[in-house]
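First comes the structure, then the notes that go with it.
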Number of protein chains: 2
Amino acid sequence: MRTRQQAAEAAEPAGAAARPGLRERKKQRTRDALLHAALELFTTQGYEQTTVDEIAAAVDVSQRTFFRYFANKEETTFAVQDMVESHFVAAVRERPAHEAPLDALRRALLDSWDTLGEVIEEVIPVELHMRTYQLIESTPTLLAAHLRRSSELEEEVARVIAEREGLDVDTDPRPRVVVAAFSGVMRLTGRLWGAGEDTSIESMRRVTESYLDQIGPALAEDWNRRCRGPERDGSGVHAL
Amino acid sequence: MRTRQQAAEAAEPAGAAARPGLRERKKQRTRDALLHAALELFTTQGYEQTTVDEIAAAVDVSQRTFFRYFANKEETTFAVQDMVESHFVAAVRERPAHEAPLDALRRALLDSWDTLGEVIEEVIPVELHMRTYQLIESTPTLLAAHLRRSSELEEEVARVIAEREGLDVDTDPRPRVVVAAFSGVMRLTGRLWGAGEDTSIESMRRVTESYLDQIGPALAEDWNRRCRGPERDGSGVHAL
DNA sequence: CGAGATTATGACAGTCACTGACAGTTGACA
DNA sequence: TGTCAACTGTCAGTGACTGTCATAATCTCG
């Protein structure tokens with residue numbers, strides 16, 4: 001029930017790009033319907049409280065069919081997250097090589113958020129995705145899954161960073177270390193944002209920026225004294 | 001089948017400290033037996049491949065009884081991990097107030113590992129615990145659970161750090177940020193150690209130290225320039 | 001257009017983690 | 001020794017998955 005298959009159906013005769021057959025379109029429609037129904041049910045009545053049977057029933061397919069589209073309940077929750085993540089990785093890849101790694105990560109993140117809305121809207125309403133994110137943060141099972149996925153993303157990003165800098169991830173620890181530190185802070189902001197009231201992307205951006213700014217000062221020797229020294233403050237951000 | 005209840009039973013008449021009744025001892029014995037059997041089965045045939053029925057059968061109790069001792073399969077896997085973590089938190093609490101936060105965390109970690117063996121050995125053989133840790137790292141479900149638990153630990157540690165520094169976690173982002181960065185790197189080392197060959201605590205210590213040493217350089221502006229400062233070399237543990 | 005090859009789907013059976021309810025045992029304690 | 005409370009086993013039930021097989025819907029090609 002979203003833009004994708006509508007556009008696809010409409011553009012079928014015209015566009016030279018893609019014109020999937022009826023079968024494909026039907027499948028896509030079923031998948032979208034399942035996804036939409038699942039997220040809607042999860043966010044309204046809770047993840048654990050929603051059974052797969054319910055989701056299947058809402059779309060009027062058998063339970064077995066649900067499992068043909070999604071390996072498990074969890075997977076539906078992260079379908080959109082997947083897109084968001086590749087969007088971010090792509091943004092990292094596009095950063096000019098001269099930027100310092102931490103800086104590149106930061107900018108890539110903020111950049112990718114500029115166009116986040118459109119990416120999400122391709123599949124589901126942004127607002128539903130935001131609710132889903134909060135659901136993830138507040139549901140132990142989902143949070144666990146999310147963290148594991150994040151650690152995989154970390155590895156991928158570390159490789160991208162290593163490539164940028166012409167290093168070997170297995171030889172030089174720095175790519176993984178920056179990414180680990182960066183990700184640690186990102187997860188932190190994700191948690192805080194999820195716990196807060198304001199569910200806008202704008203709010204998330206503000207929280208993130210201010211926390212990233214704290215990496216330098218936080219790692220500094222002495223918190224009481226004003227931080228000195230250049231390398232101490234990775235990327236020279238002292239704010240707050 | 002370990003030291004705890006043996007000691008308890010033996011010391012029963014003498015020690016003024018504790019002399020649990022028969023009932024208590026029996027319970028403890030059952031729990032230990034279940035824990036031991038579970039870990040042994042998990043590490044030999046795999047977590048997913050081991051059913052709760054098998055574990056219960058190995059100890060000759062009903063499945064229902066297993067679930068009276070452990071809320072779920074997962075929980076058995078983290079029983080020892082729990083102790084290790086509180087041991088670490090305790091170590092952080094004991095660090096002198098004048099140490100810089102990141103430094104205190106690092107020292108607490110290494111300190112706590114000095115006595116890690118004894119702590120673990122109270123419940124199960126260290127070697128079994130090491131195998132368990134590798135199992136966690138290599139089993140998606142368990143890894144996810146582990147990461148979630150770690151994030152809870154993070155929050156706890158952040159509060160300890162905040163207290164040390166006389167700050168409010170909800171006002172000053174720095175406690176959470178250091179801990180986030182630190183934890184990010186720790187998780188990284190955990191992963192690398194788990195993937196490696198050497199399963200000794202010593203090896204883990206080496207990997208950890210060298211990676212922690214890289215936080216500063218990794219966050220620095222420019223990786224191409226030689227980073228100054230001692231923390232550069234990281235004791236040459238670059239392999240895999 | 002129609003027959004046969006593909007492929008999605010439904011119906012059914014089965015496993016496994018987990019939970020609630022109830023009854024039978026067993027250690028605790030007067 | 002007998003009563004009470006805590007443990008435990010048995011049984012039944014739910015919900016997430018998985019394998020299998022028959023059916024029905026597309027697709028392909030003559």
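The sequence lines fix the lettering, A, B, ..., with proteins before strands; numbering per chain opens at 1. Hydrogens, waters and symmetry mates are skipped; everything else that's a heavy atom, side chains included, is used.
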Write out all pairs satisfying side-chain hydrogen bond (donor to acceptor under 3.5 Å, both in side chains) with one or both partners inside residues 130-140 of chain A, taking only residues at least two apart or from two chains.
A:Glu40-A:Arg131, A:Thr43-A:Arg131, A:Glu127-A:Arg131, A:Tyr133-A:Glu137
Using a cut-off of strictly less than 4.0 Å between a heavy atom of the residue and any atom of DNA chain D, enumerate the qualifying residues of residues 136-143 of chain B by number.
none
For residues 193-200 of chain A, dump all side-chain donor-acceptor pairs below 3.5 Å to protein atoms at least two apart in sequence or in another chain.
from, atom 1, to, atom 2, distance (Å)
A:Trp193, NE1, A:Asp198, O, 3.3
A:Trp193, NE1, A:Ser200, O, 3.3
A:Trp193, NE1, A:Ser203, OG, 3.3
A:Asp198, OD1, A:Ser200, N, 3.0
A:Asp198, OD1, A:Ser200, OG, 2.9
A:Ser200, OG, A:Ser203, N, 3.0

How long is the line joining CD of B:Gln45 and P of C:dC16, in whole Å?
12 Å
Write down the distance between CG (A:Asp60) and C1' (C:dT9), rounded to a whole number of angstrom.
12 Å
Taken in chain and number order and not counting sequence neighbours, the residues that satisfy ring-ring contact (aromatic ring centres under 6.0 Å, His included) with A:Phe70 are A:Phe66
Measure from CZ on A:Arg31 to P on C:dT9 and round the result to the nearest Å.
13 Å
Please report, rounded to the nearest Å, how far the C1' atom of C:dC16 is from the CD1 atom of B:Ile55.
12 Å
How long is the line joining OH of A:Tyr69 and P of C:dA8, in whole Å?
7 Å
Over all atoms of both residues, closest heavy-atom pair of B:Thr50 and B:Lys73
O-NZ, 2.8 Å
Rounded to the nearest Å, what distance is computed from the CZ atom of residue A:Phe70 to the P atom of nucleotide D:dA16?
15 Å
At under 4.0 Å between heavy atoms, which parts of nucleotides 18-30 of chain C does protein reach? Answer with one letter per nucleotide, 5' to 3': B base, S sugar-phosphate only, - none.
BBBB----BBS--
Inspect the contact between B:Glu155 and B:Arg159 and indicate whether a charged nitrogen and a carboxylate oxygen are less than 4.0 angstrom apart.
yes
Nearest whole Å is fine: how far is C:dA11 P from A:Asp53 CG?
12 Å
In whole Å, I'd like the distance from the CG atom of A:Leu41 to the C1' atom of D:dG15.
16 Å
Could you work out, with salt bridge (charged side-chain N to carboxylate O under 4.0 Å, His left out) as the rule, every residue matching B:Glu85, not counting sequence neighbours?
B:Arg149
Salt bridge (charged side-chain N to carboxylate O under 4.0 Å, His left out) filter on B:Glu75, not counting sequence neighbours, yields none
Qualifying salt bridge (charged side-chain N to carboxylate O under 4.0 Å, His left out) pairs, either residue in residues 44-61 of chain B, two or more places apart
none
For B:Asp168, salt bridge (charged side-chain N to carboxylate O under 4.0 Å, His left out) partners two or more places apart
none
For B:Ser62, which contact category applies under a 4.0 Å heavy-atom criterion: base, sugar-phosphate, or nothing?
base
